[in-house]
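A, B, ... follow the sequence lines: proteins, then strands. Residue 1 opens every chain.
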Amino acid sequence: MKKLIELNINDRIYEVAVDARDLLIDVIRKKVGLTGTKKGCGDGDCGACTVLIDGKPELSCIKLAIASQGKKITTIEGLVQEGGKLHPIQQAYVDHGAVQCGFCTPGMILSSKALLDRNPQPTEYDIKHELSGNICRCTGYKRIIEAVEAAAKVWSKEGVQ
Amino acid sequence: MEKNDLKSKWNLTPEGWNLEGVPAYQDEKRYTQVGRSVPRVDGPIKVKGEAIYTGDMTLPGMVYGKIKRSTYAHAIIKKIDFSKALELPGVLAVLTGDEAPNKWGIVPQSANETALAVGKVRFYGEGVAAVAALDEETAEAALELIEVEYEPLPVLLDPFESMKRSNEVLIHEDNKGNIMAAGDQVYGDVDKAFAECEYVLEREFHTNYPQHGFLEPHSALASYDTQSGQLHLWASSQVPHYLHRQMSIVLEIPMNKIRVTLPAIGGGFGGKGEAASSEFVACLLSRKVGRPVLVTFDRQEVFYTNKGRHPCHMKVKMGLDKDGFIQAVDFDNTLDKGAYSGWGVVVMFYTGSMIHLPYKVPNVRFRARNVFTNKPSTGAMRGLGGVQPRWALECMMDEMAEMMGISPYELKMKNAIESGHTCINNMFVPHSEFKKCLTTAVEKSGFLEKQGKLPFGKGIGMAGAYYISGTAYTLYQNYKPHTSVMIKVDTEGGVTLFCAASDIGQGCNTIMCQMVAEELGIYYEDVHIQSGDTEIGAFDLGSFASRVTYASGAAIKMACVEINQRLKETAAGMLGVRADQLIIKNHEIYSMYESKKRMPWSKAVETYTSINGTIIGMGNFSPPRRKGIDIITGNRVQGANIGHSPTFGFSCQVHEVEVDVETGRIYVRKVTEAGDCGTPVNPMSVDGQVEGSILFNIGACLYEDIKLDANGKLLNPNFHDYKTPTAMEMPEMDTNIVESYDHTAPFGVKETGEGAVQPTFPAITNAIYDAIGVRFYNLPITPEMVLKALKDKNK
Amino acid sequence: MFLNHFEYFAPKTPAETMELVARLGSKAKILAGGTDLMVVMKAKAISPDYLIDINGVEEFKGIICEEGKGAVIGTNTKLAEIQFSEAIQAKYPALAYAAGEVGSSQVRHMASLGGNSCNASPAAETPTPLVAIGAKVVLSSISGERELPLEEFILGVRQLDLAEGEMLTKFILPEPAQRSACRYAYMGRRDAMEIDCVNMAVSIELTDDGETVKDVKLVMGSVYPRPLVSKEVPALLIGQKLSDQLIEKVAEATQGEAKPIDDIRASAEYRREIVKVLARRLLKEAYAAAQGV
């Protein structure tokens, strides 16, 4: 029998009925209806499903929904700022041509945010190392790294959340 | 509208064009919208997670389809018992192959694939049945309850074995020798030429079996309306038109009752350039249950259905005269087709036509055969038919340059073609800056100063390449234009471009808006685009062979002629000048001779439409067809069908590698690239495509390969054992767009995105030779191979 | 792609956890990070009836690393925490480095140190330096606790010296000796999200003269069903001063001890080559670090 749980997603509480075995990605995409989080492989290998849980990047395709209660979950939809303005990382990705097919983009942006939250002045190696869990097939990563570097500059200027 | 509001927020001064002293109206290169690195139109929605991909869609009453896949690589299907599956609560229908036996194939003459297996399975993972259920979990559980009885047959995993044992084991009854297609083309007299050559080299090359690895698995949502008999298919596909055709053939529904719409697509690279079982099954099940059906592959299924690059076993012989000019190439290729025909004929002949460029080759002999094996079918993969022979030929040239004692740069410059070259197979190159690509890449990388001079373990290598900008023919006998566009202009909707082209992430939606804006004299942000829909958009063949920029550019130019003419006539009347004196640029219409005579573009639109209504411009593009016939003799030229293109893009790459001689690991440290893509409509997009291409092929060169066991079962159908490059593998990349303008092309454009994959394999292979003195003739080049080769060398 | 149905428990205290472990026995699996467990369950290789989610038990997390007192690391401490812990980076750099190279950033934020050992995959990264450091595991049950060295805990592929009703709760790391250093290295096909084809850790302690080897432990991973502790290396090195020839000899001996297999990631022959290369490099690196300490 399904259990009613509360998930805090993007600072909003969603009540959903889940089986213990339901994975967070399926609950987010199908029950809550936020399809920005993408399923690229379902096995924890590609990073497209990355969400932030209490600010830390995690793979929602291998995370149980029922184990995500009581945590602050952030999906890509949660990054947009007041009035629909893009978060500096999102803006940087757009400006630097870091988006082509866009499928890896939500996960990549959240991993970038987790990195900059922890280390606002990353080196190129830091960026590569922290984003190596997000596979991109289109861009060759160069512009993604440039976008993160550009966002880091905005970070230090504006003190972003 | 205020004058200020009309200014595009993008910098309007031309980037990099030298326009000294050239009057504006005479300089067709003085672009304001084309040649700008504007961000993609779909960038913001993608970074917000709002872009809708097929798997994100929900329709009322939608149910889910899943496919049961064979666990044998070659077997007769004796029985399928799905009674238990139907009894499972929530299961609506089961589908088997015999319900849709019509054969389909991207090349109709060789079509031999069915939506699901009929009678026998020919590769591990081939679909044998499908279910539609209320939710995915039920669908998956139902698959377990379908019982299939197989009679295993011997498995052929290698094309040579396949040919040898064809008397015993025939994969397709109609294909003797297990040969899907064979071809040979002879130009000139290679044997005579070789006899007179000073330098002759013969080598064998073997490429690997990689996969596209796009992040979005195939996904299809079909909605069949029982009352009207109309079928609407949303799919992650590069070829809405071919999809449209194939659905019609397999479902036996007329094309005008089928509509294909493409949502956002998460990458293709050729892997979504054919119909997929997801699309057929979604349509068939939807018709069966009368409800929308969504089929999304899991990653394993993407690997099983593959359609990746053909492994090629090539025997190459090249001859140079004493001055280093190429006199002859003899090229023999055995391709591994996998289980079904698909793109086979096309890829095979492309490998042949790749010999003729980008160098002058007066004598060629080409023999090839594409052979069936019991492996997931190979198909079109970025740079189709070009990557494998280019690797072989560029490595050969490197080796021959060494034989001659000259640098590979010198050898290439000697033999490089120039604008206006006609190949011996009648391919005509209207424009080329190949030499500029070679020189730019070599100078920027310091190749000549470094080659042969770096410490052991460090090396530098170069390679040149080219690619087509669209095919000469459609893949089925047809004379219609390859691309049509419709542009609507009025005061309510503004400017809308309708074209069924497919943006798979390469950014064609953005550049089409740029081209429309340029041609109409407005700003790129003013243009709306409706693409990827066969009902709304005008016909387009699809995103493959790097055709969309050129084809849509030509069609757009034609569509704008009509619109501009009407607006100019309207303005002429209002301004009191002649229509042919008017220029439309930056939202203004003005006389080129009397600058005071000007008016806002929108006013002309308003005036015209209030009299005549909406303005529609139609444009078409067909690539020229003369190439099949030799103009002088009137004879049909061999190989005429494939490889010809209205124009060609060129590139050169220089790779610097570091080999860890103790572990055999190869690190690509820096790549310098110079490409001729004609006018870069969007330079940032071009760079993005080139950078992506480089890393894409670094993966296939060093890390990627689909592995199978002796029974044909895939051993690594997942991303942790099929190793695509991560950010850690990214080299430093210096990409350069050489100044180039193809006068025969719309806006001077050519291709990008597939040309840049071609030099990667050989540049790395040549760099490894420079680093450790070992040449590799097999891909991927693994650390194990490197260690073994170093050991053998030291013995 | 879907897991089997199971009953889910989320205990809040160690006592509650032990009670569940005792009661549910082998029908239950511990859910810590889940990065191995979920993948294996999705592949339907195992279908446990119960999952015990220990992420709500604060006592199972945390690093206590004080000067002179070694370290105690809770089983459910995430690898990312170990990677970024300044205390661990200073005292056990090999462990911090190994933790920082597991999988991807996302995996490191989910995966636990205990899970990386209990999964007992031969290619696991953190057991190798932990064994070299001399880590012990604490196995708890409702009836008490016992300690044993990690190399005696991991018995083989997915085989542990873990009785029913027991659970790994802590790692106890000894204080590194004076003039000692431990270093870790691995080799894979690419530099991220890798399943190592070989990994290795070397711990060296020098005598007061700062040149003679007092104690050495070389541990190999991915070349044996469990972390392989070299017997030859101590025999050859203890009491000796390192020289290039000695290192070469030791590296070859290590190569002989390794028993790698062929699999789709690498051949046995290649793994043996890498064992020698890593042994050579790590011995030099650890020796130099011990001298510098």
S.K.: Let's test your reading of the structure: which of Gly699(B), Gly507(B), Gly266(B), Gly55(B) forms the most heavy-atom pairs below 4.5 Å with chain A?
M.R.: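 Top option by heavy-atom pairs under 4.5 Å: Gly266(B).
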S.K.: Are more than 12 heavy atoms, taken from residues, nucleotides or ligands other than Lys128(A), located less than 6.0 Å from that residue's NZ atom?
M.R.: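 Buried by this count: over 12 neighbours within 6.0 Å.
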S.K.: Name the region of Glu50(B), side chain, backbone, both or neither, that has any atom closer than 4.5 Å to a heavy atom of chain A.
M.R.: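 Neither the backbone nor the side chain of Glu50(B) comes within 4.5 Å of chain A.
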S.K.: For chain A, find which of Glu136(B), Met728(B), Glu732(B) contributes the most heavy-atom pairs closer than 4.5 angstrom.
M.R.: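 With the most close heavy-atom pairs to chain A, the winner is Met728(B).
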S.K.: Could you pull out the closest heavy-atom pair between Val99(A) and Val47(B), with the gap in Å?
M.R.: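 Closest approach of Val99(A) to Val47(B): CG2-CG1, 3.5 Å.
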S.K.: What pair of heavy atoms forms the shortest contact from Phe103(A) to Tyr53(B), and how long is it?
M.R.: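 Closest pair (atom of Phe103(A), atom of Tyr53(B), distance): N-OH, 3.4 Å.
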S.K.: Just how far is it from atom SG of Cys138(A) to atom CG of Leu215(B), taken to the nearest 0.5 Å?
M.R.: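 Reported value, rounded in 0.5 Å steps: 7.5 Å.
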S.K.: State the NZ-CG distance between Lys723(B) and Asp45(A), to the nearest 0.5 angstrom.
M.R.: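 Spacing of NZ (Lys723(B)) from CG (Asp45(A)) equals 9.0 Å.
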S.K.: May I ask you to name which of Arg29(A), Arg21(A), Gln100(A) has the most heavy-atom pairs under 4.5 Å with chain B?
M.R.: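 Winner by heavy-atom pair count: Gln100(A).
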S.K.: Non-hydrogen atoms of chain B under 4.5 Å away: do they reach the side chain of Val80(A), the backbone, both or neither?
M.R.: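 For Val80(A), the side chain is the part near chain B, not the backbone.
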S.K.: Which bit of Ala51(B) comes within less than 4.5 Å of chain A, counting heavy atoms only: side chain, backbone, both or neither?
M.R.: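 For Ala51(B), the backbone is the part near chain A, not the side chain.
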S.K.: Considering only heavy atoms, which portion of Pro731(B) lies under 4.5 Å from any heavy atom of chain A: side chain, backbone, both, or neither?
M.R.: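 The answer is neither part of Pro731(B).
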S.K.: One thing to verify: whether Glu673(B) and Lys142(A) come together as a salt bridge, which I'm taking to mean a side-chain N less than 4.0 angstrom from a carboxylate O.
M.R.: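 Salt bridge between Lys142(A) and Glu673(B), a charged N being under 4.0 Å from a carboxylate O: no.
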S.K.: With a 4.5 angstrom heavy-atom cut-off, is it the side chain or the backbone of Ile265(B) that approaches chain A, or both, or neither?
M.R.: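 For Ile265(B), the contact with chain A is made by the backbone alone.
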S.K.: Checking heavy atoms, do the side chain of Ile135(A), its backbone, both or neither come under 4.5 Å from chain B?
M.R.: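 When you check distances to chain B, atoms from both the backbone and side chain of Ile135(A) fall under 4.5 Å.
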S.K.: For chain A, which candidate among Gly268(B), Pro217(B), Gly43(B), Ser685(B) shows the most heavy-atom pairs at distances under 4.5 Å?
M.R.: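 Most pairs with chain A among the choices: Pro217(B).
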S.K.: Counting only non-hydrogen atoms closer than 4.5 Å, can you tell me which residues of residues 297-308 of chain B sit against chain A?
M.R.: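 Residues Arg299(B) are the ones that qualify, each having a heavy atom under 4.5 Å from chain A.
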S.K.: Are any non-hydrogen side-chain atoms of Arg137(A) and Pro725(B) less than 4.5 angstrom apart?
M.R.: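 Yes. Closest side-chain heavy atoms under 4.5 Å.
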S.K.: So which part of Ser132(A) gets closer than 4.5 Å to some heavy atom of chain B, the side chain, the backbone, both or neither?
M.R.: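 Both backbone and side chain.
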S.K.: Between Ile145(A) and chain B, with a heavy-atom cut-off of 4.5 Å, which part of the residue counts as in contact: side chain, backbone, both or neither?
M.R.: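 Side chain only.
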S.K.: Asp687(B) versus chain A, heavy atoms under 4.5 Å apart: side chain, backbone, both or neither?
M.R.: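 Both parts, backbone and side chain.
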S.K.: Of all residues at least two apart in sequence or in a different chain, which pass the ring-ring contact (aromatic ring centres under 6.0 Å, His included) check with Phe269(B)?
M.R.: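 Phe696(B).
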S.K.: Glu691(B) side chain to Gly140(A) main-chain N or O, any donor-acceptor pair under 3.5 Å?
M.R.: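 Side chain of Glu691(B) to backbone of Gly140(A), a donor-acceptor pair under 3.5 Å: no, none is there.
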S.K.: Would you please test Lys46(B) and Ile109(A) for side chain to side chain contact (heavy atoms under 4.5 Å, CB included) and show each step?
M.R.: CA-CA 11 Å; Lys46(B) 283 176 175 171; Ile109(A) 288 180; over 6 Å; no
S.K.: Mind checking the CG-SG spacing from Asp42(B) to Cys101(A)? Nearest 0.5 Å is all I need.
M.R.: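 Here the interatomic distance stands at 10.0 Å.
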S.K.: Examine whether an atom of Asp19(A) lies under 4.5 Å from a heavy atom of chain B, and if so say whether it belongs to the side chain, the backbone or both; otherwise answer neither.
M.R.: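 Contact with chain B involves no heavy atom of Asp19(A) at all.
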S.K.: What verdict does the side chain to side chain contact (heavy atoms under 4.5 Å, CB included) test give for Asp56(B) and Lys38(A), after you've listed the backbone C-alpha separation in whole Å, the side-chain angles of each residue and the deciding distance to 0.1 Å?
M.R.: CA-CA 9 Å; Asp56(B) 298 331; Lys38(A) 305 299 180 202; 2.6 Å; yes
S.K.: If you count heavy-atom pairs within less than 4.5 Å of chain B, which of Lys30(A), Lys39(A), Glu130(A) leads?
M.R.: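 Of the candidates given, the most pairs with chain B belong to Lys30(A).
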S.K.: Report yes if the side chains of Met730(B) and Glu124(A) come closer than 4.5 Å at any heavy-atom pair, otherwise no.
M.R.: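 A side-chain contact exists here, since the closest heavy-atom pair is under 4.5 Å.
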S.K.: So does Glu729(B) get a backbone contact from the side chain of Tyr141(A), meaning a donor-acceptor N/O pair under 3.5 Å?
M.R.: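 It does not hold such a pair.
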S.K.: Heavy-atom pairs under 4.5 Å with chain B: which of Ala98(A), Gly102(A), Pro106(A), Gly78(A) has the most?
M.R.: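 With the most close heavy-atom pairs to chain B, the winner is Gly102(A).
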